[in-house]
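Report on the structure given below.
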Amino acid sequence: HLALGWLAKKSRIPCVAKLAIDLREHITGDVMISMDLDNNQLGYDLTAESKEDAEVMIANLVDAKVAHFVSPEMSKIIRGS
């Protein structure tokens, strides 16, 4: 979701792309919607100009625990799958 937010920001019409990625979360009804929307916004707010810069910034957000995430195992438990 961090990269997705950044890609939305780099799109031809960023505000529409951001709306689309956020609406997707509401439509799918995922139980982790809050985390995904927060991460969409964090990615959208990145100032990276290149993919490489975005990857570094995203890794820093994850390492600093600014980005919200759970392990794959916890995700399965939360989602009941």
Side-chain angles (χ1 to χ4, degrees):
H1 291 273
L2 296 164
L4 189 59
W6 179 76
L7 286 169
K9 182 71 169 265
K10 301 309 262 179
S11 71
R12 194 168 55 86
I13 308 172
C15 61
V16 174
K18 176 68 163 57
L19 178 63
I21 66 172
D22 287 348
L23 277 175
R24 177 189 170 276
E25 300 307 326
H26 291 282
I27 291 168
T28 60
D30 193 314
V31 296
M32 297 172 65
I33 187 172
S34 179
M35 178 180 74
D36 292 343
L37 290 172
D38 287 347
N39 285 336
N40 285 349
Q41 187 64 50
L42 284 171
Y44 191 80
D45 292 340
L46 290 177
T47 58
E49 290 298 322
S50 69
K51 177 184 170 192
E52 293 76 21
D53 289 344
E55 289 173 344
V56 169
M57 290 178 167
I58 288 168
N60 289 340
L61 289 172
V62 171
D63 290 345
K65 295 185 175 29
V66 172
H68 308 282
F69 59 92
V70 296
S71 68
E73 295 80 16
M74 183 57 72
S75 177
K76 288 178 184 177
I77 291 169
I78 293 169
R79 289 186 167 107
S81 54

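Annotation: salt bridge (Lys or Arg N to Asp or Glu O under 4.0 Å) contacts of Lys10 (sequence neighbours excluded): Glu49. A search for side chain to side chain contact (heavy atoms under 4.5 Å, CB included) contacts involving Leu7 returns nothing, not counting sequence neighbours.
The CG atom of Asp22 sits 5.0 Å away from the CG atom of Asn40 when rounded to the nearest 0.5 Å. Within the model, atoms NZ of Lys51 and CG of Asp53 stand 12.5 Å from one another, a figure rounded to the nearest 0.5 Å. Put simply, CD1 on Ile21 and OG on Ser11 are 9.0 Å apart, with the number rounded to the nearest 0.5 Å. With rounding to the nearest 0.5 Å, the separation of OG1 in Thr47 from CH2 in Trp6 is 11.0 Å.
The shortest side-chain heavy-atom distance between Leu46 and Lys9 does not fall under the 4.5 Å cut-off. Put simply, the side chain of Gln41 does not reach to within 4.5 Å of the side chain of Leu37, judged on heavy atoms.
Remark: the backbone N or O of Leu2 is not paired with any side-chain donor or acceptor of Asn39 at under 3.5 angstrom.
Shown are Met32, Met35, His1; of these, the side chain to side chain contact (heavy atoms under 4.5 Å, CB included) with His68 is made only by Met35.
Follow the hydrophobic side-chain contacts under 4.5 Å out from Met74 and you reach Val31 in the same cluster.
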Using distance only, find each side-chain donor-acceptor pair of residues 55-67 under 3.5 Å and give its atom names and separation, not counting sequence neighbours.
| unit_1 | atom_1 | unit_2 | atom_2 | d |
| --- | --- | --- | --- | --- |
| Asn60 | ND2 | Val56 | O | 3.4 |

